Number of protein chains: 2
Amino acid sequence: MADSIKIIIAEDQAMLLGAVATLLDLESDFEVVAKAKDGETALSLCAQHHPDVLLTDIEMPGMSGIELAEQLQKNGFTAKIMILTTFARSGYLRRAMDAGVRGYLLKDAPSEELAEAIRKVISGRKVIDPELVMEAFDEADPLSEKERKTLKLAADGLTTEQIADKLFLSKGTVRNYLSSASAKLNAQNRIEAARIARQRGWL
Amino acid sequence: MADSIKIIIAEDQAMLLGAVATLLDLESDFEVVAKAKDGETALSLCAQHHPDVLLTDIEMPGMSGIELAEQLQKNGFTAKIMILTTFARSGYLRRAMDAGVRGYLLKDAPSEELAEAIRKVISGRKVIDPELVMEAFDEADPLSEKERKTLKLAADGLTTEQIADKLFLSKGTVRNYLSSASAKLNAQNRIEAARIARQRGWL
DNA sequence: ACTTTAAGGTGACATTTGTCATTTTCTGTC
DNA sequence: GACAGAAAATGACAAATGTCACCTTAAAGT
């Protein structure tokens, strides 16, 4: 088809990648020209095919979908980028928007909406999952870089001392950071703090 | 179609549910008669439609896919049950087999294999993802029921005392369980123990 | 009836963690 | 060089956690 919309899909879960590709290919005005299972592959496939739309997951091995979007934008690609991801995380949305992403959908959304969303984006509109719009209004990440780093390591089960060694800080400082992180998140200890931070996409 | 294979799909992620359903419906010998987004719904839809195959995810809100399989087996349903899940976890596989599951596939597998796997199961064979077969040979879950329960709550950030209250045990006993769980998993504290257990699918 | 065994509990102790006030060190800026 | 602010460290204390040896109780065998 001469004027069909050319689509590239990037998604690391093979089953979903294949199923969504089939789904979109059924639409007579769409044509899935390539499939990628990671960001790097998607990038080179974009250079090769110059698609109208790139539909990408965020969490993938190697280059994430957001980094991919940033690269494409920097290199002046005209493809309209759409994110299709699992969780509603306000942090991601902001970065995605900054990278010129035009659509942000959740895997929780019914599959019937996907094709329609793509057509909306092609016609110049932006599409953001309603769930996300809500999230975007709530609190921003209150953690400092150090708090985030210590918390991430603590969540892996490292002791205060091991964290201190790894980050070249003293034990006391690490405990201070973890303590203030817990306070900010209203958690009663580092474990709960890590859980909360992770749930909100801050970790 | 009179003798087409009737399929019910249970999967909480709407996008995958819809896409896979479309994919299978394209096969001329298949017919997706119902879709469910949780175990309870799937159970009642099975009673209503008596499908030939139930394709289900494991992790779903409410009743898990494994519990669903156990229920169906107990109630004497003849539907062949197939699991389609994200991670290769040896613990799950054993329980699934005990519940009479005939197929165990990973979402990492290419979508093209799905239809073929279903036909194999219908013809009486069992289908287990090769990845899983490997996993099945490694170590079994060493945790006792109590160790697992305490660990699960600890992983949410509950204190020893809160866990004790919730499980009607003394603080000392809870600490004993957590301590022995850590020992079994070679972890240096409850946080690391929980992380390890979760990674191996024992939590 | 007499072990055995497992689940649960106790007490003691060392270590780690959480909290907070205070101090030191490092930076940029005027 | 002096000063304000941030980042990092310190010290002290209470509380929580990890470990271990040992006790109690209630089945389950024999």
Side-chain angles (χ1 to χ4, degrees), chain A residues 91 94-95 139-203, chain B residues 67 70 90-91 94-95 98 139-203:
Chain A
R94 171 158 295 282
R95 274 191 67 193
E139 56 202 331
D141 181 352
L143 298 178
S144 74
E145 202 50 46
K146 288 296 168 55
E147 286 161 354
R148 193 190 336 285
K149 273 187 179 159
T150 51
L151 203 50
K152 204 179 285 193
L153 293 173
D156 281 344
L158 299 211
T159 64
T160 304
E161 191 161 18
Q162 292 167 333
I163 298 170
D165 284 353
K166 206 158 242 188
L167 300 182
F168 306 106
L169 295 173
S170 80
K171 283 200 289 185
T173 305
V174 170
R175 286 196 284 159
N176 286 340
Y177 283 135
L178 288 173
S179 181
S180 72
S182 291
K184 285 177 179 176
L185 301 175
N186 271 320
Q188 56 188 354
N189 55 41
R190 58 180 70 187
I191 312 178
E192 195 182 9
R195 183 176 59 74
I196 293 172
R198 206 182 288 282
Q199 272 178 357
R200 311 229 175 127
W202 298 334
L203 229 169
Chain B
E67 288 163 346
E70 286 164 348
S90 45
R94 170 157 298 280
R95 277 190 65 192
D98 289 347
E139 59 202 332
D141 182 351
L143 298 178
S144 74
E145 201 49 46
K146 289 296 170 55
E147 286 162 353
R148 194 188 338 283
K149 273 188 180 160
T150 51
L151 203 51
K152 204 179 285 192
L153 293 173
D156 281 344
L158 299 211
T159 64
T160 305
E161 190 161 19
Q162 292 167 332
I163 297 171
D165 284 353
K166 206 157 241 188
L167 300 181
F168 306 107
L169 295 172
S170 80
K171 281 200 289 184
T173 304
V174 169
R175 286 197 285 160
N176 286 340
Y177 283 135
L178 288 173
S179 181
S180 71
S182 291
K184 285 178 179 177
L185 301 176
N186 271 318
Q188 56 188 355
N189 55 43
R190 56 181 72 189
I191 312 178
E192 194 182 9
R195 182 177 60 76
I196 293 172
R198 205 181 288 282
Q199 272 177 358
R200 312 229 175 128
W202 298 334
L203 228 169

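Every value quoted in this text rests on a predicted model; they were computed, and no experiment measured them. Reminder, nothing fancy here: chain letters follow the sequence lines and each chain counts from 1.
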Show your working on side-chain contact (heavy atoms from CB on, under 4.5 Å) between B:L153 and B:V174 and close with a plain yes or no.
-> CA-CA 11 Å; B:L153 293 173; B:V174 169; over 6 Å; no
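- Nucleotide C:dT10 holds its P atom 13 Å from the CD atom of B:E161, rounded to whole Å.
- Partners of A:E161 by side chain to side chain donor-acceptor pair (under 3.5 Å), not counting sequence neighbours: none found.
- Sorted by first and then second residue, the salt bridge (charged side-chain N to carboxylate O under 4.0 Å, His left out) pairs with a member in residues 143-152 of chain B read B:D141-B:R148, B:E145-B:R148, B:E147-B:K184; sequence neighbours excluded.
- Applying the salt bridge (charged side-chain N to carboxylate O under 4.0 Å, His left out) rule to pairs touching residues 171-182 of chain A yields nothing, sequence neighbours excluded.
- Partners of A:E192 by side chain to side chain donor-acceptor pair (under 3.5 Å), not counting sequence neighbours: none found.
- Within residues 180-196 of chain B, the residues approaching DNA chain D are B:N189, B:R190, by heavy-atom distance under 4.0 Å.
- Near-neighbour residues of DNA chain C inside residues 151-160 of chain A, defined by a heavy atom below 4.0 Å, number-ordered: A:T159, A:T160.
- Bending across the helix from C:dA1-D:dT30 to C:dC30-D:dG1, expressed as the angle between its end axes from five pairs apiece, amounts to 30° (10° rounding).
- Partners of B:E67 by salt bridge (Lys or Arg N to Asp or Glu O under 4.0 Å), not counting sequence neighbours: none found.
- When side chains are defined from C-beta on, A:L151 does not count as touching A:W202, because their heavy atoms never get closer than 4.5 Å.
- Taking each heavy atom of A:L178 and A:A154 in turn, the nearest pair found is CD2-CB, 4.1 Å.
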Evaluate side-chain contact (heavy atoms from CB on, under 4.5 Å) for A:Y177 paired with A:I163, printing each intermediate quantity in order.
-> CA-CA 11 Å; A:Y177 283 135; A:I163 298 170; over 6 Å; no
Heavy-atom contacts, protein to nucleotides 8-14 of chain D, under 4.0 Å, summarised as B (base), S (sugar-phosphate only) or - (none) per nt, yield SBB----
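- In this structure A:T173 satisfies the side chain to side chain donor-acceptor pair (under 3.5 Å) test together with A:S170, sequence neighbours excluded.
- Evaluation of the side chain to side chain donor-acceptor pair (under 3.5 Å) rule for A:T160 yields A:R190 as partners, not counting sequence neighbours.
- Distance, A:L178 CG to D:dA16 P: 17 Å, rounded to whole Å.
- Atom NZ in A:K149 sits about 13 Å away from atom P in D:dA7, given to the nearest Å.
- Under the rule for a side chain to side chain contact (heavy atoms under 4.5 Å, CB included), the partners of B:Q162 that lie at least two apart in sequence or sit in another chain are A:Q188, B:L158, B:T159.
- Across A:A187 and A:A193, no two heavy atoms sit closer than the pair CB-N, 3.4 Å.
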